Number of protein chains: 2
Amino acid sequence: MMDEFSKRQKEIISVSIKIIAEKGIQQLTIKNISKSIKISEPAIYRHFDSKMDILIAILSQFKNSSQIISSKIISDNTSSIKQLEFIYNHNFKQFSENPALAAVIFSEEIFQNDKRLSDMVNSIMQVNQNMIIKIIKNGQKKREIRDDIPEKQIGIIIMGALRLLVTRWRLSKYSFSLKQEGDLTFNSIKTLIKK
Amino acid sequence: MMDEFSKRQKEIISVSIKIIAEKGIQQLTIKNISKSIKISEPAIYRHFDSKMDILIAILSQFKNSSQIISSKIISDNTSSIKQLEFIYNHNFKQFSENPALAAVIFSEEIFQNDKRLSDMVNSIMQVNQNMIIKIIKNGQKKREIRDDIPEKQIGIIIMGALRLLVTRWRLSKYSFSLKQEGDLTFNSIKTLIKK
DNA sequence: TATTAGTTAGTGAGTATTAACTAACCACTG
DNA sequence: CAGTGGTTAGTTAATACTCACTAACTAATA
């Protein structure tokens with residue numbers, strides 16, 4: 001409820017995400033933000049107290065949306081494999097439509113400096129991790145997923161493959177179809193883990 | 001043979017790695033390097049032409065060592081699974097002994113700005129990836145690894161899990177035993193991929 | 001005495017942020 | 001309705017700082 005950002009605030013957030021996607025987080029400066037919006041640098045401070053508050057706003061947006069998706073999936077009553085497939089597809093779709101998201105989510109190193117930011121990044125990671133592990137555990141109980149491997153380990157494999165794929169896609173400057181490659185990877189994982 | 005670094009150069013490289021490990025790559029500044037060595041900032045430039053040359057020196061060290069390991073493993077005539085296990089163990093050992101390595105290797109975003117650096121990071125990644133895929137392909141031929149899944153996909157899964165584990169270990173400020181957790185993960189992978 | 005490795009003092013560029021001011025709008029009130 | 005005070009969102013100019021890097025000098029040493 002609290003994140004009723006003003007029009008300008010939303011604009012600042014969205015151009016910030018765009019800058020990160022296109023030029024990396026190093027280039028996210030007040031100067032570059034203000035240049036994009038075509039207002040002066042100090043004008044930014046009419047809308048956010050500090051640069052960090054902008055970063056926090058960006059991250060909190062992502063946290064919200066991933067929490068919403070998480071609860072949506074968990075409450076959905078299809079097979080575990082289908083749920084995992086949905087997560088993969090949802091991620092690929094979201095990243096493809098908005099490559100900036102990938103750049104921000106995978107910038108853990110940079111946020112490490114500041115505790116507030118690193119806590120936020122960690123908790124976003126946690127939300128996804130918990131969701132996947134929950135699904136796997138459930139799938140093992142329902143005998144849809146093999147149970148000779150701990151759910152935590154399957155979780156690492158699933159998350160790891162997803163992240164590596166997205167990282168490669170990003171570093172290659174989005175040179176291949178994330179959805180296409182992702183489908184191949186998920187099919188392989190499906191073959192590996194289904195009972 | 002070309003990397004016959006002087007004593008001071010080696011010192012600069014080693015404190016740089018230390019700084020990256022402890023405070024992140026953002027804190028790798030000429031000022032911080034010189035402070036650690038207890039010489040003045042300009043003195044650094046007696047030994048390296050630029051900061052980038054220091055970064056390149058660091059990366060080339062890692063590249064060399066990973067290439068050496070790669071050829072060593074490939075020429076070794078044990079089972080594919082054992083080879084993969086060796087890679088996992090080698091990585092965990094190297095990272096545990098020198099956490100800076102993890103910080104450097106996984107800082108792709110930061111090196112993206114500069115072409116020379118990003119090429120270097122990419123090629124280090126490539127060396128490992130090629131090695132793993134080669135081993136898997138061979139293992140499938142020797143009927144040690146299941147061949148109902150493309151070698152490339154198994155490669156993504158193996159690399160992805162390794163990277164995710166290291167990333168988590170690093171972000172948790174090395175709070176758990178990488179070797180111990182890594183063994184668990186590799187055992188699970190072994191169960192999944194062996195024929 | 002020539003070279004090496006250090007020093008002090010500085011440059012210029014870039015950073016986030018603040019100070020001081022202003023134009024436009026908006027709600028009261030005489 | 002005209003004028004007053006207050007708020008909002010912008011401006012220009014400046015501050016204080018950090019960054020990589022350089023010029024000029026110096027002590028030690030081979």
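Residue numbers start from 1 in every chain, and the chains themselves are labelled A, B, ... in the order their sequence lines are given, proteins ahead of strands. Keep in mind that what you see is a predicted model, and the values were worked out from it rather than measured.
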Just the rounded figure in Å: distance from P of D/dA9 to CD of A/Gln9.
9 Å
Spacing between B/Lys23 atom NZ and D/dT18 atom P, to the nearest angstrom
14 Å
Candidate pair A/Asp76 and A/Lys72, rule salt bridge (Lys or Arg N to Asp or Glu O under 4.0 Å), full reasoning:
CA-CA 6 Å; A/Asp76 190 16; A/Lys72 209 181 191 174; over 6 Å; no
I need the CD1-C1' distance between B/Ile30 and C/dT11, as an integer number of Å.
16 Å
Whole angstroms only, please: what is the CD1-P distance between A/Ile25 and C/dT15?
15 Å
Phosphate-side-chain proximity, B/His47 and C/dG6, N/O vs OP1/OP2 below 4.0 Å:
yes
More than 12 non-hydrogen atoms from neighbouring residues, nucleotides or ligands closer than 6.0 Å to NZ on A/Lys18, yes or no?
no
I need the residues from residues 36-46 of chain A with at least one non-hydrogen atom less than 4.0 Å from DNA chain D; give them sorted by number, or say none.
A/Ile39, A/Ser40, A/Pro42, A/Ala43, A/Arg46
Within this structure, what is the CD-to-C1' distance between A/Gln27 and C/dA16, rounded to whole angstrom?
15 Å
Whole-Å distance, A/Lys51 NZ to C/dG14 P, equals 15 Å
Charged N-O contact under 4.0 Å between A/Asp147 and A/Lys195:
yes
Residue-phosphate contact under 4.0 Å: B/Arg8 side-chain N/O, C/dT4 OP1/OP2
no
With sequence neighbours excluded, what pairs up with B/Glu11 under the salt bridge (charged side-chain N to carboxylate O under 4.0 Å, His left out) test?
B/Arg8
Rounded to whole angstrom units, what separation is found between the NZ atom of B/Lys31 and the P atom of D/dA20?
10 Å
Side-chain donor/acceptor pairs under 3.5 Å, residues 132-141 of chain A, sequence neighbours excluded:
unit_1   : atom_1 : unit_2   : atom_2 : d
A/Gln140 : NE2    : A/Arg146 : O      : 3.1
A/Gln140 : NE2    : A/Ile149 : O      : 2.9

Answer yes or no: is there a donor N or O on one side and an acceptor on the other, between the side chain of A/Tyr88 and the main chain of A/Ile158, under 3.5 Å?
yes
Atom pair distance, as rounded to whole Å: CD1 in A/Ile12 and C1' in D/dG10
12 Å
The reported gap from CG in A/Asn128 to CE in A/Met131 (rounded to nearest 0.5 angstrom) is 4.5 Å
Closer to the 5' end of DNA chain C via nearest nucleotide, is it A/Asn32 or A/Asp49?
A/Asn32
